[in-house]
**Q** 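I have a structure here, written as C-alpha cells, and I will follow up with some questions on it.
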Amino acid sequence: MKISILSVIAVIALLSSCKEAEDKAIEPYLRVHPLDLATAPMSPLDSTISKKVWEAYKTPGDVHQMLAADTGTWHEEMTIWTGSKDVNPQKFSLVAESTMILGGRFQQIRHTGKVMGTDFEGIATTGFDNSMGELVATWMDNFGTGIKSVRGTFKGDPKFFTLRGEMIDPITKAKKTIRENFTFIDSDTRKFELFETDDYNNEYKSMEIIMKRNK
C-alpha cells in the first residue's frame with residue numbers, strides 16, 4: 001500500500017501538535033509543588049500528565065549537574081566575625097568533602113576541623129527544587145541542635161547566587177534574618193559569605209569561607 005508524502009507530513013504535524021498541547025497542559029503544574037496540586041486553581045490532572053509532572057519534578061537537571069561538579073575534597077579558610085563591630089575576626093582551617101546523594105539530587109558537604117579549640121563538624125546540603133525553580137540549602141553542625149534553612153533563585157549570573165532565610169538566636173530566642181552569597185571564582189575556587197543582623201537589625205558579615213579544591 002502506497003502512502004503519499006502529504007499523508008506522512010499530515011501525520012507528523014498531527015503528532016507534533018499533540019505533543020505541544022500536552023507540554024502546554026503540563027507546564028503550569030511544574031510551577032506548583034506536586035503536594036499542593038489538590039488546592040491549585042487548575043483543572044484535574046489525568047494520569048498521563050500527572051506521571052509526567054512527577055517525572056519532571058524528580059529528574060536532576062542542569063543545576064544539579066553544576067552542584068555535582070563540586071564533588072571532591074576542598075581546603076577551607078574560614079573567617080568569623082562575632083558582631084558588626086568586630087575588627088579582629090578569628091581564622092580557622094578546615095577540610096570539606098563534597099558528594100552527591102540520593103541519586104544526584106542533592107549535594108552534601110561535610111566540613112571538619114578545629115574551631116575555637118574544639119573538634120568541629122558541619123553538614124551542608126544543597127538542592128534545586130524543580131517545581132519551585134529555587135535553590136534550597138540546609139546547615140547543621142555539632143555546635144548546636146538547630147537546622148538552618150535558606151532559599152533563593154539565580155538572578156542571571158550562574159556563577160553567583162544568594163539564599164535567604166531565618167535562624168533563631170539561641171540567647172535571645174529571637175528570629176534573625178540571614179543571607180548567604182555563593183561565588184564561583186573559578187573551577188577550583190569558591191567563596192561563601194554569611195550575613196546576619198545585629199540587635200539593631202543592621203546587617204553584617206559574620207562568616208566567610210574561601211574553598212580551594214585539592215588536586
Side-chain angles (χ1 to χ4, degrees), residues 63-102 104-128 135-152 159-215:
V63 180
H64 301 91
Q65 293 180 17
M66 179 193 74
L67 295 172
D70 282 356
T71 297
T73 303
W74 299 73
H75 172 75
E76 299 182 313
E77 288 297 327
M78 174 193 286
T79 305
I80 294 178
W81 290 265
T82 58
S84 57
K85 297 181 180 180
D86 186 358
V87 295
N88 295 301
Q90 302 180 67
K91 297 180 179 293
F92 308 96
S93 294
L94 295 89
V95 174
E97 293 286 347
S98 179
T99 59
M100 296 299 291
I101 61 173
L102 299 178
R105 292 173 176 81
F106 299 91
Q107 177 197 72
Q108 177 180 279
I109 303 181
R110 185 180 295 270
H111 308 259
T112 57
K114 287 279 189 181
V115 175
M116 301 177 184
T118 303
D119 289 333
F120 174 80
E121 181 179 8
I123 298 175
T125 61
T126 304
F128 183 77
L135 286 152
V136 184
T138 64
W139 172 264
M140 63 191 82
D141 59 49
N142 64 335
F143 277 22
T145 53
I147 300 176
K148 181 185 66 179
S149 177
V150 290
R151 288 176 170 268
K159 299 300 182 182
F160 174 85
F161 58 88
T162 296
L163 307 180
R164 300 177 187 277
E166 294 180 331
M167 63 181 290
I168 300 296
D169 185 321
I171 298 175
T172 65
K173 302 299 188 294
K175 287 184 178 180
K176 299 174 63 174
T177 300
I178 57 175
R179 176 169 63 93
E180 297 180 353
N181 287 347
F182 291 83
T183 305
F184 295 73
I185 296 174
D186 57 45
S187 60
D188 297 309
T189 311
R190 306 282 184 266
K191 181 168 73 171
F192 165 80
E193 298 169 287
L194 172 63
F195 298 85
E196 300 182 31
T197 51
D198 61 18
D199 295 338
Y200 301 97
N201 205 35
N202 297 315
E203 186 182 68
Y204 70 96
K205 182 189 290 191
S206 62
M207 181 186 297
E208 178 179 285
I209 301 177
I210 301 298
M211 303 175 61
K212 291 187 176 294
R213 194 197 307 263
N214 292 357
K215 296 182 180 181

**Q** Nearest heavy-atom pair of Ala137 and Leu163: which atoms, and what distance?
**A**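 So the minimum-distance heavy-atom pair works out to CB-CD1, 3.7 Å.
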**Q** Nearest 0.5 Å, please: how far is OG1 in Thr99 from CZ in Arg110?
**A**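 So the gap between those two atoms works out to 8.5 Å.
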**Q** Between Glu77 and Lys91, does at least one N-O distance fall below 4.0 Å, as a salt bridge requires?
**A**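 Lys91 and Glu77: not salt-bridged.
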**Q** Just by modelled atom types, is the Ile101 backbone N or O under 3.5 Å from a matching donor or acceptor in the Gln108 side chain?
**A**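 Looks like no, no N/O pair under 3.5 Å.
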**Q** Determine the interplanar angle of the Phe161 and Phe182 rings, folded into 0 to 90°, and report it as parallel if under 30°, tilted if 30 to 60°, perpendicular if over 60°.
**A**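 Because their plane-to-plane angle is under 30°, the rings of Phe161 and Phe182 count as parallel.
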**Q** Do you know the tightest heavy-atom contact between Asp169 and Ile171?
**A**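 So the minimum-distance heavy-atom pair works out to OD1-N, 2.8 Å.
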**Q** Look at the side chain of Asn181 and the backbone N and O of Glu193, then say whether any donor-acceptor pair between them is shorter than 3.5 Å.
**A**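 A pair under 3.5 Å: no.
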**Q** For the side chain of Arg213 and the backbone of Ser187, is there at least one donor-acceptor N/O pair under 3.5 Å apart?
**A**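 Confirmed, Arg213 side chain pairs with Ser187 backbone.
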**Q** Identify the heavy atoms of Met100 and His64 that sit nearest to each other, and give their distance.
**A**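 In terms of heavy atoms, the two residues are closest at CE-O, 3.8 Å.
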**Q** What do you reckon, is CG of Asp199 surrounded by more than 12 foreign heavy atoms closer than 6.0 Å?
**A**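 No, because the 6.0 Å sphere around CG of Asp199 holds 12 heavy atoms or fewer from other groups.
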**Q** Going from NZ on Lys191 to NZ on Lys212, what distance comes out if it is rounded to the nearest 0.5 angstrom?
**A**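 Spacing of NZ (Lys191) from NZ (Lys212) equals 11.5 Å.
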**Q** Is any side-chain heavy atom of Glu76 closer than 4.5 Å to a side-chain heavy atom of Phe192?
**A**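 No, side chains not in contact.
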**Q** Got a second to check how far Ile209's CD1 is from Ile80's CD1, nearest 0.5 Å?
**A**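 So the CD1 of Ile209 and the CD1 of Ile80 are separated by 8.0 Å.
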**Q** Would you mind reporting whether Trp81 and Lys205 have side-chain heavy atoms less than 4.5 Å apart?
**A**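 In contact.
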**Q** Would the distance check show the side chain of His75 and the main-chain N or O of Asn214 forming a donor-acceptor pair, the cut-off being under 3.5 Å?
**A**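 Not confirmed, His75 side chain does not pair with Asn214 backbone.
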**Q** Thr73 and Glu97: side chain to side chain donor-acceptor pair (under 3.5 Å), yes or no, with the steps?
**A** CA-CA 5 Å; Thr73 303; Glu97 293 286 347; 2.8 Å; yes
**Q** Above 12 or not: heavy atoms from other molecules or residues under 6.0 Å from CZ of Phe106?
**A**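 It does not: Phe106 CZ has 12 such atoms or fewer within range.
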**Q** I need the minimum non-hydrogen distance between Ser206 and Glu196, along with the two atoms involved.
**A**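 Between these two residues, the closest heavy atoms are OG-OE2, 3.0 Å.
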**Q** Atom CZ in Phe195, atom CZ in Arg164: separation rounded to 0.5 Å?
**A**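 Those atoms lie 10.0 Å apart.
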**Q** Does the pair Phe184 and Asp70 meet the rule for a side chain to side chain contact (heavy atoms under 4.5 Å, CB included), with working shown?
**A** CA-CA 10 Å; Phe184 295 73; Asp70 282 356; 4.2 Å; yes
**Q** Ser84 and Asp198: side-chain donor and acceptor closer than 3.5 Å?
**A**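 Yes, side-chain donor-acceptor contact under 3.5 Å.
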**Q** Apply side chain to side chain contact (heavy atoms under 4.5 Å, CB included) to residues Lys85 and Tyr204 and explain how you reach the verdict.
**A** CA-CA 9 Å; Lys85 297 181 180 180; Tyr204 70 96; over 6 Å; no
**Q** Of all heavy-atom pairs between His111 and Ala124, which one has the smallest distance, and what is that distance?
**A**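 Taking every non-hydrogen atom into account, NE2-CB, 4.1 Å.
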**Q** Mind checking whether Lys114 and Asp119 have side chains closer than 4.5 Å, heavy atoms only?
**A**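 In contact.
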**Q** Determine whether Leu135 and Glu180 make a side-chain contact, defined as any pair of heavy atoms from C-beta on separated by less than 4.5 Å.
**A**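 Not in contact.
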**Q** Nearest 0.5 angstrom please: Leu94 CG to Thr112 OG1, how far?
**A**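 Reported value, rounded in 0.5 Å steps: 7.0 Å.
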**Q** Please examine the side chains of Met207 and Thr79, heavy atoms only from C-beta on, and report whether any two atoms are closer than 4.5 Å.
**A**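 Result no, sub-4.5 Å side-chain heavy-atom pair not found.
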**Q** Starting at OG1 of Thr197, measure out to CE of Met167 and round the result to the nearest 0.5 Å.
**A**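 So the gap between those two atoms works out to 9.5 Å.
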**Q** Minimum heavy-atom separation for Val115 and Phe143, please, with both atom names.
**A**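 Shortest heavy-atom contact: O-CZ, 3.7 Å.
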**Q** Under 3.5 Å, is there a donor on one side chain and an acceptor on the other for Glu166 and Thr177?
**A**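 The answer is no; no qualifying pair exists.
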**Q** Please evaluate residues Leu194 and Lys148 with respect to the criterion side chain to side chain contact (heavy atoms under 4.5 Å, CB included), reporting the C-alpha separation (whole Å), side-chain torsions for both, the decisive distance (0.1 Å), and the verdict.
**A** CA-CA 12 Å; Leu194 172 63; Lys148 181 185 66 179; 4.2 Å; yes
